[in-house]
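Here's the structure we're looking at; comments come further down.
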Amino acid sequence: MWLCARCQAQPLLLGGSSARADLIRPPLALQDSLKQTPLHAFHQQQGGRMVNFAGWSMPVQYALSHLESHLHTRRHCSLFDVSHMLQTKVFGRDRVKFMESLVVGDIAELKPDQGTLSLFTNEEGGILDDLIVTSTSEQHLYVVSNAGCRDKDWVLMQGRAEELRAAGGDVHLEVSENALLALQGPSAVRVLQTGVSDDLAKLPFMSSVAMVVFGVPGCRVTRCGYTGEDGVEISVPVGRVVELVELLLRDPQVQLAGLAARDSLRLEAGLCLYGNDIDETTTPVEAALVWTLGKRRRVAMDFPGATVIVPQIKGKVKRKRVGLISTGPPIRPHMPILSLEGRPSGREAAPGGHGFPRCHGHCSPDQREGEVTSGCPSPCLKKNVAMGYVEGEQSRVGTVLAVEVRKKSCPALVTKMPFVPTRYHMLK
């Protein structure tokens with residue numbers, strides 16, 4: 001979606017273990033208790049390797065390897081099942097007031113069929129979830145939020161809706177039972193255009209429209225995604241989703257892709273995964289997501305946690321999310337980020353190839369600056385990419401830090417994100 005994988009579990013990564021505690025092939029007894037998307041049987045028929053992903057049985061990959069699937073998405077396009085995400089419709093004359101009482105974005109300024117990425121926040125300024133809110137021309141808000149936060153998001157929204165109705169407000173919620181597909185990659189829109197009458201060249205990034213897709217009515221196509229590539233997400237009636245998937249797969253440009261490729265693609269694009277890179281202990285300023293705060297909302301300070309978040313914008317924060325690039329052994333979540341004591345910050349420091357210093361011996365605990373939250377080898381860059389939190393003064397681009405990998409200190413360069421340029425469709 002964008003910022004996050006829409007779940008709290010972490011997929012398999014290139015060079016990683018095949019037996020992570022939070023993403024493993026479930027035993028048969030557990031498989032029966034996992035939630036299933038409408039495409040579950042289809043995934044199995046297509047040879048999808050099913051794993052436990054935040055309580056859902058989801059495909060981590062298919063016949064293509066993780067690397068092949070990742071690169072196919074960058075070069076052509078891939079189809080992802082993201083039906084586990086929560087799709088909510090918000091109706092009523094007070095729908096904007098309702099949503100703005102929960103999120104940091106300026107929902108009132110959205111034009112018909114325009115969307116924005118926003119954040120649910122709490123009164124302490126922590127991020128409860130990230131979500132996309134679209135103001136549809138059908139007079140309702142269309143909200144898509146993370147599967148891993150599905151239950152708590154619904155409780156949050158339903159509770160606030162009840163409060164507003166008790167005060168005389170007009171708002172009500174409806175959970176959409178539609179499936180949700182993500183068609184991502186440079187060929188995605190060209191493939192989709194053959195099956196729709198609308199001119200997709202006129203549909204810019206973060207805009208949405210209801211349309212018939214390959215003869216399937218009742219679909220909503222939103223130009224967005226979670227890979228950094230151009231592409232769309234298609235909300236489609238459950239009864240026709242297999243039909244639509246099979247029609248899309250007739251084009252040789254389209255390949256099925258799973259969670260593993262989705263995670264490495266979003267990391268190359270510098271997009272956050274909720275539960276890893278952002279959570280209730282991080283504020284939008286610490287997470288480098290200030291751009292999600294509507295300007296009017298900052299002035300009014302009328303969103304949850306505003307008294308904590310707004311002063312941080314011009315002030316200093318103790319920690320900040322940064323991008324890191326390194327060579328050598330892969331960087332993984334939870335690895336310590338260290339200072340390089342006595343070493344200059346910059347690429348000229350004791351080069352060890354590719355402009356990076358060499359890994360060296362044991363690390364001292366007092367060197368610790370922060371922790372990696374996401375990391376993997378980048379299939380496109382042939383280097384390691386990662387995100388993590390470091391002390392504010394260490395967050396400047398070009399700073400050389402280190403990551404403790406297998407008890408060795410491996411230098412890593414603080415780098416501007418995205419690591420791989422995004423290719424969103426913007427109208428000129």
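Numbering of residues begins at 1 and proceeds along the displayed sequence. In this text the structure is predicted, and so the values were computed from the model without any measurement.
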Report yes or no: does [X] contribute a side-chain atom to a donor-acceptor pair with the main-chain N or O of [Y] at less than 3.5 Å?
X	Y	value
R298	L293	yes
S69	H66	no
N178	C219	no
N122	L128	no
R319	Y389	no
S118	G105	yes
Q255	L249	no
D129	N146	yes

Look up atom [atom1] in [X] and atom [atom2] in [Y], then write down how far apart they are to the nearest 0.5 Å.
X	Y	atom1	atom2	value
T136	R95	OG1	CZ	7.0 Å
L180	L39	CG	CG	10.5 Å
Y274	C149	OH	SG	5.0 Å

* Show the numbers, then the answer: is there a side-chain contact (heavy atoms from CB on, under 4.5 Å) between S326 and V403? => CA-CA 9 Å; S326 76; V403 176; over 6 Å; no
* In terms of side-chain geometry, is the basic nitrogen of E109 or K295 positioned less than 4.0 Å from the acidic oxygen of its partner? ->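 Salt bridge: no.
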* To do: Tell me, please, which residues at least two apart from E393 pass salt bridge (charged side-chain N to carboxylate O under 4.0 Å, His left out).
  =>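 By the salt bridge (charged side-chain N to carboxylate O under 4.0 Å, His left out) rule, E393 matches no residue at all.
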* **Under the salt bridge (charged side-chain N to carboxylate O under 4.0 Å, His left out) test, residues paired with D106 that sit two or more places apart** =>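 Once residues adjacent in sequence are excluded, the partners of D106 under the salt bridge (charged side-chain N to carboxylate O under 4.0 Å, His left out) criterion are R296.
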* Please identify each residue that fulfils ring-ring contact (aromatic ring centres under 6.0 Å, His included) with H140, with sequence neighbours left out. =>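 H140: ring-ring contact (aromatic ring centres under 6.0 Å, His included) contacts with F91.
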Please set out all donor-acceptor pairs under 3.5 angstrom arising from side-chain atoms of residues 199-211, sequence neighbours excluded.
from	atom 1	to	atom 2	distance (Å)
D199	OD1	A201	N	3.1
S207	OG	P204	O	2.4
S208	OG	R220	NH1	2.8
S208	OG	T222	OG1	3.0

Minimum heavy-atom separation for [X] to [Y], with atom names?
X	Y	value
R150	W56	NH1-CZ2, 4.1 Å
P379	L67	CB-CD1, 3.4 Å
S374	D277	OG-OD1, 2.8 Å
Y62	Q46	CD2-O, 4.0 Å
A179	V238	N-CG2, 3.9 Å

* Sorted by first residue and then second, give each salt bridge (Lys or Arg N to Asp or Glu O under 4.0 Å) pair with at least one member in residues 59-86; sequence neighbours left out. =>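 Every salt bridge (Lys or Arg N to Asp or Glu O under 4.0 Å) pair that includes a residue of residues 59-86, provided the two are not neighbours, is R74-E229, R74-E268.
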Under 3.5 Å, which donor-acceptor pairs link side chains of residues 299-313 to any protein atom two or more places apart or in another chain?
from	atom 1	to	atom 2	distance (Å)
D302	OD1	R297	NE	2.8
D302	OD1	R297	NH2	3.3
Q312	OE1	T283	OG1	2.7

* Does the side chain of V133 reach to within under 4.5 Å of the side chain of E100, using non-hydrogen atoms? ->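 Counting from C-beta outward, V133 and E100 never come under 4.5 Å.
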* To do: I would like to know whether M50 and H43 meet side-chain contact (heavy atoms from CB on, under 4.5 Å); could you show each step before the answer?
  => CA-CA 8 Å; M50 309 305 290; H43 295 314; 3.7 Å; yes
* To do: Say whether T373 and R321, considering side chains only, have a donor N or O and an acceptor N or O under 3.5 Å apart.
  =>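 Absent: no donor and acceptor within the cut-off.
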